[in-house]
Amino acid sequence: MSEAAIGPRGAARREDPDSGLAKRAADGDRSAFAELISRHYDSTHRIAWRISGSFHDAQDTVQDVWCNLPAKIGRFRGECLFSTWLAGIVRNACIDAARRRGTQAAMRARLSIVTGDGTLAPADPHARVWIESALSRLTPDLRETVVLVAGEGMSHKEAAIALGCAEPTVSWRMQEARRRLREQGLEEAVDG
Amino acid sequence: MAEDLIKLPDAPAPDADAKGRTAFLALAAFGDFHAEGHIARQSSQEERIPPNRRRNSSMPAAKRNHRTAAIAASVAALMAAGVAGIVATDPGPQPKTNQSGPTVFSHLIPPREPSPGPVERIRQAFRKDQGQRASLPSLTDTSGSLESEVASNPHPPAPPPSVSGTSPAVQPPPQGAGERYDAAPMQRAPQGIAPAMPASPSQTYIPDAAPPREPSGRDQFEARPASGFLSPAQQPTSTFSMDVDTSSYSFARASIGRGQLPPPESVRTEEFVNALPYSYPAPGPGEGAIRTTVTLMPSPWAPGRQLMHVGIKAAEVSREDRPPANVTLLIDTSGSMAGPTRLPMAKRSLEILTRSLQPHDTVSIATYSGRAGIALEPTSASEPGRINAAIQALEASGGTAGFAGIQTAYELARRNFNPKGTNRVILVTDGDFNVGISSPEGLRSYVEAQRSSGIYLTVLGFGMGNYNDRTMQALARSGNGQAAYIDTIQEAQRVLSDQVTGTLVTVADDAKVQVEFNPRAVAEYRLVGYEKRALAHRDFANDKVDAGEVGSGHSVTAIYEIVPAGAQRAPSYRYAQPAPAQEPAGPTEEVATVSVRYKAPGERASRLSETRVRAADALGRFEAASDDARFAASVAAFAEVLRRSPHAPEASLEDIARTAMAARGADADGSRSEFARLARAAAALAPRAPVTPK
């Protein structure tokens with residue numbers, strides 16, 4: 001996993017390495033915006049993939065996110081890390097995309113491989129990795145929380161900002177995710 | 001903390017192409033956003049008129065039209081402002097925060113040059129353009145220095161001597177393999193496709209080395225390698241289907257307007273050539289549906305080579321004689337259509353269409369967003385108020401249910417089917433179908449099945465960002481229809497008003513063109529473009545193979561590059577040395593035969609129209625060719641340079657612009673002058689444009 005875009009834990013207290021770029025991009029500085037794409041494309045794709053489980057859906061979603069960002073970036077006020085703010089946008093875009101694409105049905109079809117009642121193998125070579133991982137065992141709200149906290153290394157506070165919920169909710173979801181994974185016998189998912 | 005240790009799968013590395021494409025599109029959107037600024041806000045106020053008021057509007061028709069015209073003007077201004085805006089946001093000093101060296105995408109940022117650099121030149125070019133839009137009559141004074149060069153041209157264009165012929169009679173398909181010309185006296189040429197011209201970096205506008213990373217979309221554009229030179233001894237025939245799509249040109253125009261060269265794989269030479277108007281002679285009464293005009297002229301860019309210009313004109317059905325049309329509009333009202341170049345532009349375009357319909361036509365409107373719905377039951381075009389009210393009430397929201405929408409539209413079209421008229425579904429979309437369709441192929445088979453019932457499909461594409469070119473092309477082709485990409489109100493005017501008869505009425509189906517070259521007269525030939533439309537030789541006579549549809553009055557243009565017998569061949573033949581065996585062809589020798597096979601609508605058997613070209617028909621000077629032929633050659637050259645074809649002429653885009661300007665002729669609608677300006681703007685944008693002399 002690349003380290004570049006992982007927001008360090010408790011980073012809210014530290015200097016945001018992107019705040020200057022975000023400000024300049026909001027003011028119309030094209031090169032600042034290009035630099036933000038260059039820094040954060042990979043992490044946005046990673047978050048979208050882990051939430052959606054589809055390589056191409058993630059790609060499309062992330063493309064929409066970046067194309068819509070010029071109009072939105074002026075709303076970033078530096079109240080959290082830019083990476084946190086961006087993660088929240090990616091997460092919302094994933095939800096919208098899922099709704100739009102009827103991904104629930106597609107996801108069910110893909111999951112049928114795991115449950116063994118289907119013979120259709122997904123064409124997406126990355127789908128099996130996702131399906132066999134802990135991610136597919138979780139409900140969407142638990143999954144997105146795990147993706148940001150365990151995957152991107154966000155603090156509960158930052159994750160709460162990105163997800164638009166209270167910090168205790170994040171904590172509860174993380175516990176719940178661990179409990180469910182343990183129940184499902186995914187012992188390796190939780191390290192004692 | 002334990003949660004850190006929940007093992008998540010490593011995410012797959014993002015696709016580099018997708019990343020590049022996203023960066024490209026996002027930076028384009030960035031440019032747009034900062035360019036449109038206050039104009040965007042103004043137009044959103046226009047949109048804020050409550051929909052119910054618009055629906056029940058009692059505004060008199062004249063006033064309404066006035067308002068439409070005003071909006072159209074503001075859209076045109078917005079388009080022009082897009083370019084100015086790019087210039088305005090061009091960052092001055094290099095920002096300091098770039099700690100980690102140059103960014104990956106820094107090449108996507110327009111190069112900063114000391115003024116008067118390229119940016120300044122575009123600014124000038126488009127300032128003229130803007131001025132011209134404000135006062136339309138002054139079409140002639142837009143070219144500045146270009147114009148004076150044309151004026152001092154010592155060879156004013158002579159009247160166009162050209163070969164022209166029609167053959168209305170139904171003829172049997174060509175015999176056997178159709179080898180009209182005997183290749184026996186020829187030494188067989190070695191197999192191989194050769195690059196036409198050695199690359200000369202100092203003169204090439206778009207260098208092969210370090211091409212900028214451009215989006216090569218997963219499914220946006222299907223790139224095809226440029227077709228190479230062929231020897232008629234090996235491959236005497238060249239077959240392609242007739243193509244009237246123009247979306248690639250509009251796409252490029254929009255892209256250049258934003259200050260970016262279009263991605264090379266989005267450039268389709270034949271669509272560029274066919275996007276511009278030509279005035280070929282139409283077939284007379286009793287001559288069938290097709291007339292072919294062939295011009296053989298020396299290439300202005302490659303000494304010793306010839307260009308063969310083939311212009312095919314379909315019979316014109318006058319606006320008054322047009323059979324009644326049953327038009328079903330299927331309008332994408334999903335959330336992605338919200339941008340100013342999408343649904344709002346589509347609404348204005350459809351108003352233009354409504355105005356150009358006749359009272360005996362009917363219009364119905366289906367929409368799709370989330371789920372499919374009917375916005376207007378079949379309504380006579382004599383009630384434009386009702387139709388426009390339904391159009392104005394459309395709003396973008398929700399997801400896209402493309403397939404359900406298509407089904408609804410065909411159902412409406414069937415319900416109102418007119419066996420004596422034309423029946424057509426016009427799909428208005430940004431191509432973002434994402435519900436209910438897993439692949440373009442599934443959609444295509446549905447549309448293909450519907451075509452047999454006599455309902456044709458036209459696809460109008462709007463918006464740039466997620467314009468899914470491949471889906472639209474596939475759809476339109478299987479629906480026996482056309483795809484047009486509408487980026488400006490002018491383009492809407494062209495497709496939906498000026499050429500509405502052609503858009504609605506088909507005069508020839510499954511039209512295929514076959515050119516057979518005589519190896520005694522032609523050493524090598526190359527069809528410029530048409531890679532996507534190439535047909536297997538045997539398919540020419542096979543009436544079951546589906547090919548292009550030709551609308552009333554449409555013209556189709558193709559350009560061949562020819563190495564005549566006795567002339568120097570392409571470089572890869574250096575070692576094989578087949579050339580000395582060839583003598584230049586005598587004046588009576590036939591160079592080629594151009595055959596067009598097509599079906600009259602509703603007929604099963606095809607007709608054939610043949611035109612023969614003799615060596616004596618070849619013109620001595622390029623300037624002696626008709627405006628149409630010279631202009632088409634310029635457009636083809638422009639497209640070949642933009643798509644970085646290995647055979648692109650060794651000419652600068654400035655030269656090409658100048659040639660086009662000189663050949664623009666009457667240019668009634670200004671689109672040829674616009675092309676010349678586009679070529680100049682592209683020259684300014686090319687990554688490593690040579691320093692302009694003077």
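These values consider heavy atoms only, across backbone and side chains, with no hydrogens, waters or symmetry-generated copies. Residue numbers begin at 1 in each chain, while the letters A, B, ... track the order of the sequences. Here the structure is a predicted model, which is why all the values come from computation and not from measurement.
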Closest heavy-atom pair, D15(B) versus F55(A), reported as atoms and distance to 0.1 Å, is N-CZ, 3.8 Å
C67(A) versus A26(B), closest heavy-atom pair with distance: SG-N, 3.8 Å
Please give me the minimum heavy-atom distance between F33(A) and L27(B), naming the atom from each residue. CD2-CD2, 3.7 Å
Which atoms form the tightest heavy-atom contact between V62(A) and T22(B), and what is the distance? O-CG2, 4.3 Å
Which value, rounded to the nearest 0.5 Å, describes the distance between L8(B) atom CG and E152(A) atom CD? 9.0 Å
For the residue pair L25(B) and W66(A), establish whether any side-chain heavy-atom pair is separated by less than 4.5 Å. no
Can you tell me how far the CG atom of L69(A) sits from the CZ atom of F33(B), to the nearest 0.5 Å? 10.5 Å
Identify the heavy atoms of R50(A) and D10(B) that sit nearest to each other, and give their distance. NH2-CA, 4.1 Å
So what's closer than 4.5 Å to chain B heavy atoms on A48(A): side chain, backbone, both or neither? neither
Can you say whether N68(A) sits under 4.5 Å from chain B via the side chain, the backbone, both, or neither, judging by heavy atoms? neither
Straight-line distance of K19(B) NZ to D42(A) CG, nearest 0.5 Å: 3.5 Å
Compare every heavy atom of Y41(A) with every heavy atom of P14(B), then report the nearest pair and how far apart it is. CB-CE2, 3.5 Å
L135(A) versus chain B, the contacting section by heavy-atom distance below 4.5 Å: side chain
